[in-house]
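Here the structure is laid out as structure tokens; the discussion comes afterwards.
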There are 2 protein chains.
Amino acid sequence: MTTRSPDAEPLLTPAEVAALFRVDPKTVTRWAKAGKLSSIRTLGGHRRYRESEVRALLAGIPQQRLDED
Amino acid sequence: MTTRSPDAEPLLTPAEVAALFRVDPKTVTRWAKAGKLSSIRTLGGHRRYRESEVRALLAGIPQQRLDED
DNA sequence: CTTGAATAGGGTAATTAGGGGA
DNA sequence: CCTGTCCTAATTACCCTATTCA
């Protein structure tokens, strides 16, 4: 099994998420600010997004908003 | 470098689709509403269209219509 | 440590959504 | 039935500079 995986969730950069939705990276930032998209922050303040959540949103699956910026 | 590219479908904005068909963007919206054209929504509610589907329609290839939205 | 690309901010134009009517 | 236009509100895109990432 995958008992040796230390919670390695695939993360996407703002540019990658923006490319998937065909929007500006700034728009992705606004979604994170509005709590429409969960965001993980680097220690420097940059945002990273969960690939699984982004794909789910692209597929039109409504998600719960647990995170707000 | 290919590990950094999540399969991204080329998407078109309403204005781009409208320009290709030589119609008003509002007309493209009606097509999406009528289910004649599948649409992907941004988190803000704006529509994005699949380039492959648009090109197929431009080429005169009949598409399936799933009545939606 | 140095470099080049990407991101965070903020502020201002341009698109889009939606309804309604021609 | 299908399309183009007018309206308001909301969303998104592009401008800049400083900071962070790889």
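All chains are named by letter (A, B, ...) in the order of the sequence lines, taking the proteins before the strands, and each is independently numbered beginning at 1.
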Restricting to side chain to side chain donor-acceptor pair (under 3.5 Å), what partner residues turn up for [X], sequence neighbours left out?
| X | answer |
| --- | --- |
| Arg55(B) | Glu51(B) |
| Arg48(A) | none |
| Thr27(B) | none |

Residue pairs passing the ring pair (Phe, Tyr, Trp, His ring centres under 6.0 Å) test where at least one lies in residues 17-48 of chain B, sequence neighbours excluded: Phe21(B)-Trp31(B)

All side-chain contact (heavy atoms from CB on, under 4.5 Å) counterparts of Ala19(A), not counting sequence neighbours: none

Pairing residues for Ala15(B) by the side-chain contact (heavy atoms from CB on, under 4.5 Å) criterion, not counting sequence neighbours: Thr13(B)

Measure all distances between protein nitrogen or oxygen atoms and nitrogen or oxygen atoms of nucleotides 10-15 of chain C, and list the pairs falling under 3.5 Å.
{"unit_1": "dG10(C)", "atom_1": "O6", "unit_2": "Lys26(A)", "atom_2": "NZ", "d": "2.4"}

Contiguous Watson-Crick or G-U pair runs (3 or more, under 3.5 Å) in DNA chain C: C:3-19 with D:6-22

Just to confirm, is there a sub-4.0 Å distance from OP1 or OP2 of [N] to any side-chain nitrogen or oxygen of [X]?
| X | N | result |
| --- | --- | --- |
| Arg47(B) | dT16(C) | no |
| Thr27(B) | dC2(D) | no |
| Trp31(B) | dT3(D) | yes |

First encountered from the 5' end of DNA chain D, between Gly45(B) and Asp24(B): Asp24(B)

Given DNA chain D, 5'-ward residue of the pair Pro25(A) and Pro25(B), judged by closest heavy atom: Pro25(B)

Salt bridge (Lys or Arg N to Asp or Glu O under 4.0 Å) pairs, two or more places apart, involving residues 17-26 of chain B: none

